Amino acid sequence: MNGYLRSFALTSAILVLAACAGNRRTVVVEPASGNAGSHGVAPARVPPGGTYKVNKGDTLYSIAFRNGVDFRDLASWNNIAAPYTIWPGQELKLAPANGKAPVPAPVHITGAVVSTAPKPVAPAPAHAAPPSPLESGFEPVTATSATATAASTPAPAASTTPVVPVAGAPAATASNTPPPAPVAPAAPGATRSNGGVTWRWPADGSLIKRFQSGDAIPGIEIAGKTGDPVRAAADGVVVYSGNGLVGYGELVIVKHNDSFLSAYGHNSKRLVKEGQRVSAGQQIAEMGATGASRDELQFQIRKDGNPVDPLGYLPSR
C-alpha cells in the first residue's frame with residue numbers, strides 16, 4: 001500500500017511540473033490578423049535589469065529600443081510621465097522594482113528627448129503657463145530643433161516645452177541636416193493593413209536578408225545604393241533621429257501608435273527631425289552603409305517593444 005502511495009505521489013508531481021512548463025512561453029505567438037497569417041516574433045525578452053546612465057542625445061524611445069523593452073514600461077519603472085523628458089547623467093532602472101511589469105496607461109505620441117536644461121528642483125510657480133501642445137494631447141508637426149551650439153545653452157527658465165535636439169547628431173553638417181524645403185509627395189505603392197496600421201515597403205530594392213529572431217539586430221535587410229530613398233512604412237511621428245545606437249549607423253525610429261514602432265538603419269543621410277509627423281511613403285532618409293559593410297536598409301518593426309517579422313506586415317511583392 002505504501003509503495004502504491006509513493007508511486008501515485010511521484011506521478012502527480014511529474015504531471016504538475018509538466019503543466020507548469022507547458023504554461024511558460026518564451027516566444028510570443030500572435031493570432032492571424034485579416035489576411036496576414038501567422039508571422040514570426042523574436043523571443044520575448046526578460047527586462048535586462050540594472051540601470052542606464054542617460055547620455056546627451058538619448059531619448060526614452062532610443063533607450064527602450066536599445067534594451068529591448070517597451071517604452072511605456074521603461075517610463076513606468078522610472079515614474080516618468082509624458083512627454084518623457086530625461087536629463088544627461090540621470091540613471092534609469094531597466095526593470096521593475098517588484099519584478100512585475102506594470103500595465104501601461106494610454107499615452108500620446110511625442111518626441112521624447114534629453115533636455116539640455118538643468119533638472120528642475122523648485123516647485124512650479126502659482127501662475128503656470130498654459131499647457132504645451134504635447135501636454136494637451138496635440139503634437140506639433142515639427143518639434144523645436146537645436147544645433148550643438150544652441151543645445152549647450154540652458155533653456156529659459158520660463159519655458160514649459162523641452163528643447164528637442166536632433167538626437168546624437170553632430171552640428172550642422174551637410175550629411176545630416178534636414179532640408180528646409182517642403183518634403184516631396186509620398187510615392188505610390190501597395191499597402192497592407194495589419195495591427196491597426198497601414199504598411200508599405202520602405203525601400204524599392206530586393207530583399208537580401210530575412211528576419212531571424214535570434215539575431216542581435218533582428219529585422220530584414222533591403223538592397224540598394226547610396227542615396228536611394230528610404231520612406232516611412234506608415235503614418236507616424238519621428239521619435240528618434242540620430243546615430244547613438246551601436247550597429248545601426250544613422251538611424252530613424254518612427255512611432256505609429258502605442259504598440260508599433262518601425263526603425264530604419266544604416267542611412268547615409270537623415271531627412272527628418274524628432275517630433276516631426278511623417279506620412280506613409282514620405283522620404284525620411286537616404287540609403288547608405290553607416291554601421292554596415294554594404295549599402296542597405298536595415299528595417300525593423302517592433303510591437304510592444306518586441307521585434308516582429310516585417311514580412312508579416314508589409315504587402316506582398
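Quantities reported herein were computed from a predicted structural model and do not represent experimental measurements.
The salt bridge (Lys or Arg N to Asp or Glu O under 4.0 Å) check on R294 picks up E221, E296, with sequence neighbours excluded. In this structure, D235 has no salt bridge (Lys or Arg N to Asp or Glu O under 4.0 Å) partners at least two apart in sequence or on a different chain. The side chain to side chain contact (heavy atoms under 4.5 Å, CB included) check on S206 picks up I208, A223, with sequence neighbours excluded. With sequence neighbours left out, T191 forms a side-chain hydrogen bond (donor to acceptor under 3.5 Å, both in side chains) with no residue at all. Listed by chain and number, the residues in a side chain to side chain contact (heavy atoms under 4.5 Å, CB included) with T226 are S268, D295 (sequence neighbours excluded). Partners of N78 by side chain to side chain contact (heavy atoms under 4.5 Å, CB included), not counting sequence neighbours, listed by chain and number: L74, I80, L92, K93. Residues satisfying the side-chain hydrogen bond (donor to acceptor under 3.5 Å, both in side chains) test with T198, not counting sequence neighbours, are S193.
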**OP:** Please lay out, stage by stage, how R72 and D304 fare under the test salt bridge (charged side-chain N to carboxylate O under 4.0 Å, His left out).
**Re:** CA-CA 9 Å; R72 295 167 294 180; D304 298 328; 2.7 Å; yes

**OP:** Walk me through it: do D70 and R302 pass the test salt bridge (charged side-chain N to carboxylate O under 4.0 Å, His left out)?
**Re:** CA-CA 9 Å; D70 191 317; R302 293 203 181 187; over 6 Å; no

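If you look at Y248 and Y240, their ring centroids are not closer than 6.0 Å.
In this pair, Y84 and Y61 present their aromatic rings perpendicular. The plane angle is above 60°, beyond the 30 to 60° band.
Residue pairs meeting the ring pair (Phe, Tyr, Trp, His ring centres under 6.0 Å) criterion with at least one member in residues 265-285: none, sequence neighbours excluded.
With a 6.0 Å radius and a threshold of 12 heavy atoms from other residues, nucleotides or ligands, K225 has its NZ atom at or below the threshold.
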